[in-house]
Colleague: 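Sending over a structure as structure tokens; questions will come in a sec.
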Amino acid sequence: MLFRFSACRWIALVLLMPLLSGAACSREVESSVDRLKRLATALKEAEASTQPSSSLVPIAGQGLLEVPEGTRFVPAEQTRAFLESLGSSPVSSVMGMIVPQNFYTDPDWMVVINWEEIGFVDENRLKNLSIRHATRSIEEIAAAQNKIRQKTGLPAFHLKNLLLSPRYDTVTHSLEYATDWTIEGVDREGVLFSHYFIGRRGVLSFNFVAIARPLDAIYPIINPINQRFSYLTGHSYSDFDPAHDRRASYAHEIAFPSWQKTGCSLLTAAALYWLKRRRSKKSS
């Protein structure tokens, strides 16, 4: 069952929040109505394309993911359309998303999958990432994106805490970290938990987004996804060929992928919050 139009209107409220102050011109209002229509269309297409639990789906030609029990997979094209309907710029690195089984009736969280072909990243450059450097880089990216978002009438985001410092696992060749954010106009924080798998030619990431919650409530969701992904033969970290393969320019690029630079993940968190609050009011 798809979102009711009334529910879509509450999602749109997050998108239109800066316009509801009375400062919007007619052209801005018209574009917001168009955005709502795109959102409704994107949701329909996403629901129609979702693949069930236990499906084995290829990711970016790099690896395979077995969709965990209780979740569903939305392909890349429909995921991009959904994110763009929420205000994201087109992002070719998005390869799909994992959502809970009942996402279309009771959205709670989502995991966006990204593939960044930035070249090979030597794990020695990731073992001791500076917390100070990570925080500063995130804040700089957020500040630059907030300037863009203000021009397009979308809410700004501000880093609140680094919930989990970047930590690298030499066995799985993967990095993870988590942050929570304040969202202007919303009285709850959003959380981002990202897990990156280093491959031969780049980095594949699973990016959990939701309204803020403790880490021990996120691991039961993200871990089954991480455990069911594997690189194809010839594409893993150990397949790197120093004589022919390109190396990444900067190790920190993997920790701050273009998908997060759009801010759309946090916009999604805000949308999920407004929708769930609306549904709670209706049921009470």
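Note that these values count all heavy atoms, side chains included, but never hydrogens, waters or copies made by symmetry.
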Colleague: Do Tyr196 and Asn207 touch side chain to side chain, with heavy atoms closer than 4.5 Å?
Modeller: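 In contact.
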Colleague: Are any of the side-chain heavy atoms of Phe82 and Val112 separated by less than 4.5 Å?
Modeller: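 No, too far: nothing below the 4.5 Å cut-off.
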Colleague: Decide whether Met97 and Leu64 are clustered together by the hydrophobic rule: side chain heavy atoms of Ile, Leu, Val, Met, Phe, Trp, Tyr closer than 4.5 Å, transitively.
Modeller: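 Hydrophobic grouping puts Met97 apart from Leu64.
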Colleague: Are Phe240 and Asp122 close enough that some pair of their side-chain heavy atoms sits under 4.5 Å apart?
Modeller: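 Answer no - side chains too far apart.
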Colleague: May I ask you to decide if Ser92's main-chain N or O and Arg80's side chain share a donor-acceptor pair within less than 3.5 Å?
Modeller: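 Checking the backbone N and O of Ser92 against the side chain of Arg80, a donor-acceptor pair under 3.5 Å is found.
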Colleague: Between Asn223 and Pro220, is there a donor-acceptor pair closer than 3.5 Å when you use the side chain of the first and the backbone of the second?
Modeller: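 No; zero donor-acceptor contacts below 3.5 Å.
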Colleague: Keeping the roles fixed (side chain from Thr79, backbone from Val74), state whether a donor-acceptor pair exists under 3.5 Å.
Modeller: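 Yes, because the side chain of Thr79 sits within donor-acceptor range (under 3.5 Å) of the backbone of Val74.
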Colleague: Does the side chain of Ile98 come within less than 4.5 Å of Phe208's, by heavy atoms?
Modeller: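 No; the side chains remain at least 4.5 Å from each other.
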Colleague: Work out which heavy atom in Gln78 is nearest to a heavy atom in Ser49; give both atom names and the distance.
Modeller: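 It is CG-OG, 3.2 Å.
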Colleague: How about Phe193 and Phe206: are their ring centroids closer than 6.0 Å?
Modeller: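 No; Phe206 has its ring centre 6.0 Å or more from that of Phe193.
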Colleague: For Asn114 and Ser93, does a side-chain donor sit closer than 3.5 Å to a side-chain acceptor?
Modeller: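 Distance-only check passes for Asn114 and Ser93.
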Colleague: Does atom CD (Glu77) have a neighbourhood of more than 12 heavy atoms from anything else shown, all under 6.0 Å?
Modeller: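 Counting other residues, nucleotides and ligands, CD of Glu77 stays at 12 neighbours or fewer.
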Colleague: Once you round to the nearest 0.5 Å, how far does CD of Gln62 lie from OG of Ser230?
Modeller: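 Here the rounded value is 12.0 Å.
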Colleague: In Å, rounded to the nearest 0.5 Å, how long is the span from CG of Leu204 to NE2 of His195?
Modeller: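 The distance works out to 10.0 Å.
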Colleague: Examine Leu56 and Trp115 and state if one hydrophobic cluster contains both, with Ile, Leu, Val, Met, Phe, Trp and Tyr joined whenever side-chain heavy atoms are less than 4.5 Å apart.
Modeller: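 No.
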Colleague: Does atom CD (Gln101) have a neighbourhood of more than 12 heavy atoms from anything else shown, all under 6.0 Å?
Modeller: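 Counting other residues, nucleotides and ligands, CD of Gln101 exceeds 12 neighbours.
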Colleague: Keeping the roles fixed (side chain from Ser53, backbone from Thr71), state whether a donor-acceptor pair exists under 3.5 Å.
Modeller: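 Between the backbone of Thr71 and the side chain of Ser53 there is a qualifying donor-acceptor contact (under 3.5 Å).
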Colleague: Using every non-hydrogen atom in the two residues, find where Gly61 and Leu232 come nearest and quote the distance to one decimal.
Modeller: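 Here Gly61 and Leu232 meet closest at O-CD1, 3.8 Å.
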Colleague: Of the non-hydrogen atoms in Ile113 and Phe73, which two are nearest, and what is the gap between them?
Modeller: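 Where Ile113 meets Phe73 most closely, the heavy atoms are CD1-CE1, 3.9 Å.
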Colleague: So if you build clusters from Ile, Leu, Val, Met, Phe, Trp, Tyr with side-chain heavy-atom gaps below 4.5 Å, do Ile221 and Tyr219 land together?
Modeller: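 Linked within one cluster.
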Colleague: Find the distance between CD (Glu66) and OG (Ser55) and round it off to the nearest 0.5 Å.
Modeller: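 It comes to 9.0 Å.
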Colleague: Between Arg201 and Glu116, is any pair of side-chain heavy atoms under 4.5 Å apart?
Modeller: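 Heavy-atom side-chain distance check fails, nothing below 4.5 Å.
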Colleague: When rounded to the nearest 0.5 angstrom, what is the spacing between CG in Asp241 and CZ in Arg200?
Modeller: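 Atom-to-atom, Asp241:CG and Arg200:CZ are 5.5 Å apart.
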Colleague: Using 0.5 Å steps for rounding, measure from the CG atom of Asp239 to the OG1 atom of Thr233.
Modeller: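 If we round to the nearest 0.5 Å, Asp239:CG and Thr233:OG1 are 7.0 Å apart.
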Colleague: Rounded to the nearest 0.5 Å, what's the gap from OG on Ser205 to CZ on Phe229? Could you check?
Modeller: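 Output value for this atom pair is 10.0 Å.
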Colleague: Is Glu47 close to Phe103 at the side-chain level, that is, under 4.5 Å between some pair of heavy atoms?
Modeller: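 Answer no - side chains too far apart.
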Colleague: Would you check if Phe197 and His173 make a side-chain contact, meaning some heavy-atom pair closer than 4.5 Å?
Modeller: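 They are not in contact (no side-chain heavy atoms under 4.5 Å apart), so the answer is no.
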Colleague: Is there a donor-acceptor pair closer than 3.5 Å between any side-chain N or O of Arg72 and the backbone N or O of Asn102?
Modeller: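 Answer holds: no.
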Colleague: Counting C-beta onward and ignoring hydrogens, is there a side-chain heavy-atom pair between Thr172 and Asn226 closer than 4.5 Å?
Modeller: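 No, their side chains stay 4.5 Å or more apart.
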